[in-house]
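Before any comments, here is the structure.
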Amino acid sequence: MEEDEQKITPEQFAQIREIVEVFNSSNFDYLTLELAGMKLTVGTGAAPVPNPGGTAGSGLGLRPDPKTGEKPAAAVERNTAGTPDLSQTGSESAPAEAPEADDGSVAVVAPTMGTFYSRPDPSSPPFAKVGTSVDADETVGLIEIMKVFNNVNAGISGIVTEVCVADGEAVEFGQVIMRIRP
Amino acid sequence: MEEDEQKITPEQFAQIREIVEVFNSSNFDYLTLELAGMKLTVGTGAAPVPNPGGTAGSGLGLRPDPKTGEKPAAAVERNTAGTPDLSQTGSESAPAEAPEADDGSVAVVAPTMGTFYSRPDPSSPPFAKVGTSVDADETVGLIEIMKVFNNVNAGISGIVTEVCVADGEAVEFGQVIMRIRP
Amino acid sequence: MKLVRALIANRGEIAVRIVRACQAIGIETVIATSEADRDSLAARIADRTFCVGPANALESYLNPERMVGAAVITECDCLHPGYGFLSESPALAKMCAENDIVFVGPSPDHILQMGNKILARKIAEECGVPTLPGSEPVLDKEEAVGVARKIGLPVMIKAASGGGGRGMQIVDDINALAAEIEVAASEAGAAFGDSTLYLEKYISNARHIEVQVLGDGHGNIVHLGERDCSLQRRHQKMVEEAPAPGLSVDLRNRMCDAAVTLARTVNYKSAGTVEFIFDMDSEAFYFLEMNTRIQVEHPVTEMITGEDLVEEQFRIAAGDKLRFSQAEISFRGHAIECRINAESPEAEFLPSPGEITDWQPPIAPYIRLDSHCFPNYKVPVNYDSMLAKLVVYGRDRHQAIQRMKHALSQFAIDGIETTVDFQYRLISSSNFINGQMNTRFVDEIVSQSEKGTSGLPIPL
Amino acid sequence: MKLVRALIANRGEIAVRIVRACQAIGIETVIATSEADRDSLAARIADRTFCVGPANALESYLNPERMVGAAVITECDCLHPGYGFLSESPALAKMCAENDIVFVGPSPDHILQMGNKILARKIAEECGVPTLPGSEPVLDKEEAVGVARKIGLPVMIKAASGGGGRGMQIVDDINALAAEIEVAASEAGAAFGDSTLYLEKYISNARHIEVQVLGDGHGNIVHLGERDCSLQRRHQKMVEEAPAPGLSVDLRNRMCDAAVTLARTVNYKSAGTVEFIFDMDSEAFYFLEMNTRIQVEHPVTEMITGEDLVEEQFRIAAGDKLRFSQAEISFRGHAIECRINAESPEAEFLPSPGEITDWQPPIAPYIRLDSHCFPNYKVPVNYDSMLAKLVVYGRDRHQAIQRMKHALSQFAIDGIETTVDFQYRLISSSNFINGQMNTRFVDEIVSQSEKGTSGLPIPL
């Protein structure tokens, strides 16, 4: 890199300063800004880590694994359902807001909780499987809740790269159902 | 990189200074700024690490400052007695084990708790004051506990640089009484 | 019938409380959360977390389809609604029944009957429980004026479907009544989808006293004594205690008997609370309404009786008969609960959500804390502001107040504004200490401090 | 007389407990610590910390001059000795009196009289309280053999100045007695500075039951019921409960009456415990000794009576009369305490000091935890291994056991070995659940697990 790229221009400086000040008056915990040749990180508490949700023990009896051998009858899976991606905040109408994955594919998340159906009825082929080309407004699955069926739209045009939920499986709100590469 | 690239220009310095000042008046714990050829990290406490595992408060009611206005009669000083140096672990016979201070002087710590007397009786001069030259086995004070008087020996030969406890004052076990430069 | 797995359709401290009750009696737990509560304490301690919708309660905690759907999907055999949200929704109770999920609460009919104030009032009158001098629903302005003249001013306009202090209006000028009725009807219509109003005599020197009852649906009804909930700010309870201070044995017995009579009349099943207004001037009490759910302030009753009301709710829901007769319930000592809210008393009790940077609750014998908070917990903006219920027990009211003062003074919370210091002021005031308070007490303390003339022994 | 400032001459959980009791009743606190406890929880919550000596207890917690000296220097008007250490030292109580420091405990004479087993036994006999068939001090081997023949084998050799399981030896062979007496005498001389021995009948199917008493020095004596402390490992208590399971009302009343009689005979002042051995085969009980201090297991009594024994100790020390008569003390429900020690049950209960890396106690209604531990606390090597007393309440013994199982299963401690899982096994064993245990029960469980034949419902 050349020397002039290493200096902070007065304009850049004013911008950084303003970002820090704006951020200070916000309620966020951290900010990371990466530009060509520049990276800015600001925050409170510990520096951001890949999984910011993982606050540790709080002294409140949050025992991760209660004693076994005491569970009645059918055991419940512990916080199952494929640990939905909490970074997904898409509301019902916006599964397409899901961020890109490493391979450039975009997650389609459950717009509601319920039972996921990958096909319109048991005798039909699936709406979409790996390799299927879909349009943004195309139905890629159904979610049933109390006998009411909701369409799941692709939200983005592309090729299905992964189907994460099996036919008939329960999905939580916001859970990743499939991935589409645009 | 060449040598001249590693210098901070006066302009850069002023900018860094201002960023640090802005950051200092913010509520954040750390700031990391990386530019090509430069990386700035500012923070409070330990430098940010990937996962410091910072379990905070313990939920055990360790309130540092209980509400005032509720104390009966004569208030107790809160953990007073000059916050004794906890690094002192000398037992009764080993005050000379006290580590050296910045100026090379060594602390004489109370070999027992009690009331410290700097002179053998009220009409006599003090055993030692700042500037007095003392031998290792010389008595530099008395500590009385339940009418029993214990000698405090210098423990090291040298010049008294500081007397930390007044005549008649209470001392805890291990409290620094005076400092002697060998 | 043995209950195996419960869906908890709530959040906050009551969700934590219900999970712990289930753990203690060996019922597995699935906590239904909104996205905002995915990492809550209840989610951490439950066997399973199931996210039912976004932070907006209408699409999560207030959505019966999703809650019952979640119970079906996760193969729960029962559902506990907590308090607030859907806890008094006949639709939820009914939907549970239709899907073979045991609703841990009363039947849909009980919720419908007792949840409607006019119906409940009618039932009370029929079984001889005194009700406030007032009316059938007022049909129009003219009728309202007639009723008001008959029962005397001041009167209170109430929305039949209101609750929690909403949809109430005090009127002390007969000439203003017609206009107020019109406004109240349109407000009630907008807020509750039901513009039905009724008028009641307004008691100015009033205490709010309520009686805890338990019924098993097999005809067994007991009471667990009364609670005094007079310390309210704008009809929101702040401090509750049991027993009610200064109540004679005779009055206490009559109120408890009235509550049991009412519950017996409908063969009530589950935990319920019969609310009375007590006129301190005439020493008369009047039935107000019945809450067909566990209440926020249930711990004060637990502290003086030694019972566990949430466990009993599950036992009753499982079809068990009550484990104790009235004679086997013993009352001992005095308990006080202070609600600790994320609110700024200095700024008109504005909610103060945000991150709790420090959380050090007091610990000592006879202190109980029901809370979902922990250090670094972020209080979401989406829900109510209650952080914790601080409860103490003493052998008498004096000792309970002393312990509460100690507990409040040791409670360290940082990062957000709370009502801890305000509560300390309330319970330190000589009127409270002497048991001389009524439902306007808190508002008076608030207006005193706004004027800078607190008149309290310990200004904070 | 109003007590203003207390010196707490102890450490660990009881120091924390005493500080909190003082805070609740408005007494300032100075905690006297050794250097090892300079940053303990008690030091953090007390008004002032005063370091009296090094970690070695002989120069700190066992040194009466330093403790009373610290009280004088910090201008305390009273001193609470806790349990263990100097709590039953007549010298400390006397030195307090000589320095105008109120000793929060009985008079030096009470400690002397009741602390000496032979003297206490004599007093018991004089006031008609049954004592174990046994002897005056045995002077020599021949006398011992004669006594043993008279009362029958097995017999127990006890050191007059022993206690807490130390200085005891069971002998069931008359031919071995003479040799054992010789060994015991020299051991007692070395350990207690007093080689006086006596012989007692040894009860093989025994329960350890003790009665809590309070006396005010004004002639008023009450009991607060009994505790069963039969679950002991090598004479160290592990689990305590109140009331004692399976005791008839008549037996309970007779034991409590005997305890009150004994305390009344000496006009006892402060909290005290009268210990009995209960022969399950003959249903007879015998006075063992009196402990003239607050005891580790006092919380189980507090849980069923709602009283605060430490607060009452301070009130009595201040000269107050008892605040309640016997009739005003009510008993409700059942309480169990499990001692959580830093010990490795797998390695013969070897102490396991070190840093507690994780500390997450259970929280639920009716759980009480008395502890001085917190995350990252370092358990010092210098003192006993008790980390916490986990106490639960239930409306009956069954519910209390269920709650204790829940509480233990939720108690997460990392970094050191603890007795949590072992305690879970103990209270889950069918013999304990059925109330079929005696003082050998724990040792049997231990030896079963060492042989790998636990025979317990839930092997861990």
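Sequence lines set the chain letters: A, B, ... in the order given, protein chains first and strands last, and positions in each chain run from 1.
Ranked by non-hydrogen atom pairs under 4.5 Å with chain B, the options D:Ala32, D:Ala70, D:Gly53, D:Ser34 are led by D:Gly53.
With respect to D:Trp359, the ring pair (Phe, Tyr, Trp, His ring centres under 6.0 Å) criterion is satisfied by exactly one of D:Phe411, D:Tyr377, D:Phe374: D:Phe411.
Judged by distance alone, the side chain of D:Asn10 and the main-chain N or O of D:Pro81 form a donor-acceptor pair under 3.5 Å.
Residues D:Phe314 and D:His80 bring their aromatic ring centres within 6.0 Å. When ring centroids are compared, D:Tyr61 and D:Tyr383 come within the 6.0 Å threshold.
Using a 4.5 Å cut-off between heavy atoms, D:Asn99 touches chain B through its side chain atoms alone. Both the backbone and the side chain of B:Met113 come within less than 4.5 Å of a heavy atom of chain D.
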